[in-house]
Number of protein chains: 2
Amino acid sequence: MTIEQNLVKKLRSSNLRPTKQRIEICKVLFDRERTFHFTISDLAKILNLNSKNKISLATIYNTVEILKSKGHLKEISINSDKTFFDTNISNHHHFFNENTNELTDFYDEDISRIKIKKNIPGKKVKSIEVLVKIANSN
Amino acid sequence: MTIEQNLVKKLRSSNLRPTKQRIEICKVLFDRERTFHFTISDLAKILNLNSKNKISLATIYNTVEILKSKGHLKEISINSDKTFFDTNISNHHHFFNENTNELTDFYDEDISRIKIKKNIPGKKVKSIEVLVKIANSN
DNA sequence: TATTACTTTATAACTATTCTAAACTAGTGT
DNA sequence: ACACTAGTTTAGAATAGTTATAAAGTAATA
Ligand SMILES: [Mn+2]
Ligand SMILES: [Mn+2]
Ligand SMILES: [Zn+2]
Ligand SMILES: [Zn+2]
């Protein structure tokens, strides 16, 4: 099955019509080896380079929002200026490079087991995520 | 020493003139038992209730920003809509209540020791913070 | 092909935040 | 007390990210 067929399947399975704009966007998001962390402006920049016929900013916002709502993207808040999105929708941890503003994933196997000792009666834990801020050593 | 004298000292030690606006704001921020987590609109609301002579929104933004730059406040990103600030400037962890949007602190003693096993050559770790999202059990 | 629901788009609206520049005030020296 | 200066406050304008609107276009379905 081609990449494109896969993306069409992904869209259809979420009741989204596989329009050419959505396929373009999904190629950028999901046709890659590693997790992709991006802001809307990152994504718009990439799309406007690669694609011949430009996709409107409104569509980019719409599509990212709908992909998030269907569970294909996750929103990450690191920084108050711009929202990050993540193609890795699992519960996981991040390095944030303060020099480059880049996010990198790491997983439970890369960190000691986390156990919260504090009691929170009447509440349930939805997620536990670690943010490690890093910077160049030099 | 009165609360007010303390705040004046705090401001002066950061080369900030203890104006009546700043003292009003600092009372709200620092004259309390526990850590205060707030957004600018939270703070503005509180100030406009308590204070007879209103403080302009520009001054509230200015003051929070300058207190942050002097190391008396810390900025926290949880949510892309609004920036949170924290009177607890130490490296620490948070519960975020998804029902109420409230932040609560917890500390190293409330969590198992965190050890990052992943190598990040050429980088130094600036902070390691855990965010636990919680919600009502019901 | 006709019908309908969904999608894209340009653009307006909205909201949090920052900037501007004029009026005001606190500190300092006389 | 008065004058001077640097720092502060303020209203309002500007900016930037994001969301809403509504008209034109397109995909699915019969
Ligand atoms: Mn900020
Ligand atoms: Mn959002
Ligand atoms: Zn990630
Ligand atoms: Zn805190």
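The sequence lines fix the lettering, A, B, ..., with proteins before strands; numbering per chain opens at 1.
Side-chain atoms of A/T87 come within 3.5 Å of backbone atoms of A/F36 as a donor-acceptor pair (strictly under, hydrogens ignored). Here the side chain of B/K124 pairs a donor or acceptor atom with the backbone of A/N136 at under 3.5 angstrom. For A/T83 (side chain) and A/E75 (main-chain N/O), no donor-acceptor pair under 3.5 Å exists by modelled atom type.
Remark: C1' of C/dT15 and CG of A/D81 are 15 Å apart, rounded to the nearest angstrom. Distance, B/L11 CG to C/dT25 C1': 15 Å, rounded to whole Å. We find that CG of B/N15 is positioned 13 Å from C1' of C/dG27, with the value rounded to whole Å. Per the geometry, CD1 belonging to A/I55 stands 9 Å off P belonging to C/dT8, to the nearest Å. One interatomic measurement links the two molecules: CG of A/L57 to P of D/dA16, which rounds to 14 Å at whole-angstrom precision. Whole-Å rounding puts the B/L47 CG to D/dT9 P distance at 12 Å. Distance, B/F38 CZ to C/dT17 P: 11 Å, rounded to whole Å. The separation between A/N62 atom CG and D/dT19 atom C1' is 9 Å, rounded to whole Å.
Listed nucleotides C/dT18, C/dC19, C/dT11 differ in distance to B/E65; the shortest reach to its side chain belongs to C/dT18. Closest contact between the side chain of B/S56 and the listed nucleotides C/dT8, D/dA11, C/dT7 involves D/dA11. Ranking D/dT9, D/dG12, C/dT8 by closeness to the B/A58 side chain, first place goes to D/dG12.
For B/E102, there are no salt bridge (Lys or Arg N to Asp or Glu O under 4.0 Å) partners two or more places apart in sequence or in a different chain. Looking at residues two or more places apart in sequence or on another chain, you find a salt bridge (Lys or Arg N to Asp or Glu O under 4.0 Å) between B/K27 and B/E4.
OP1 and OP2 of D/dT8 both lie 4.0 Å or more from every side-chain N or O belonging to B/T59. The shortest distance between the side-chain N/O atoms of B/K54 and the OP1/OP2 oxygens of D/dA11 is below 4.0 Å. Taking only side-chain nitrogens and oxygens, B/S41 never comes nearer than 4.0 Å to OP1 or OP2 of C/dA16. The side chain of A/Y61 places an N or O atom within less than 4.0 Å of a non-bridging phosphate oxygen (OP1 or OP2) of D/dT18.
The aromatic rings of A/F106 and A/H93 lie tilted to each other, with the angle between the two planes from 30° to 60°. Ring geometry, A/F84 versus A/F96: the interplanar angle exceeds 60°, so the pair is classed perpendicular (tilted spans 30 to 60°).
Residues of residues 17-27 of chain B that place a heavy atom closer than 4.0 Å to DNA chain D, in numerical order, are B/R17, B/T19, B/Q21, B/R22.
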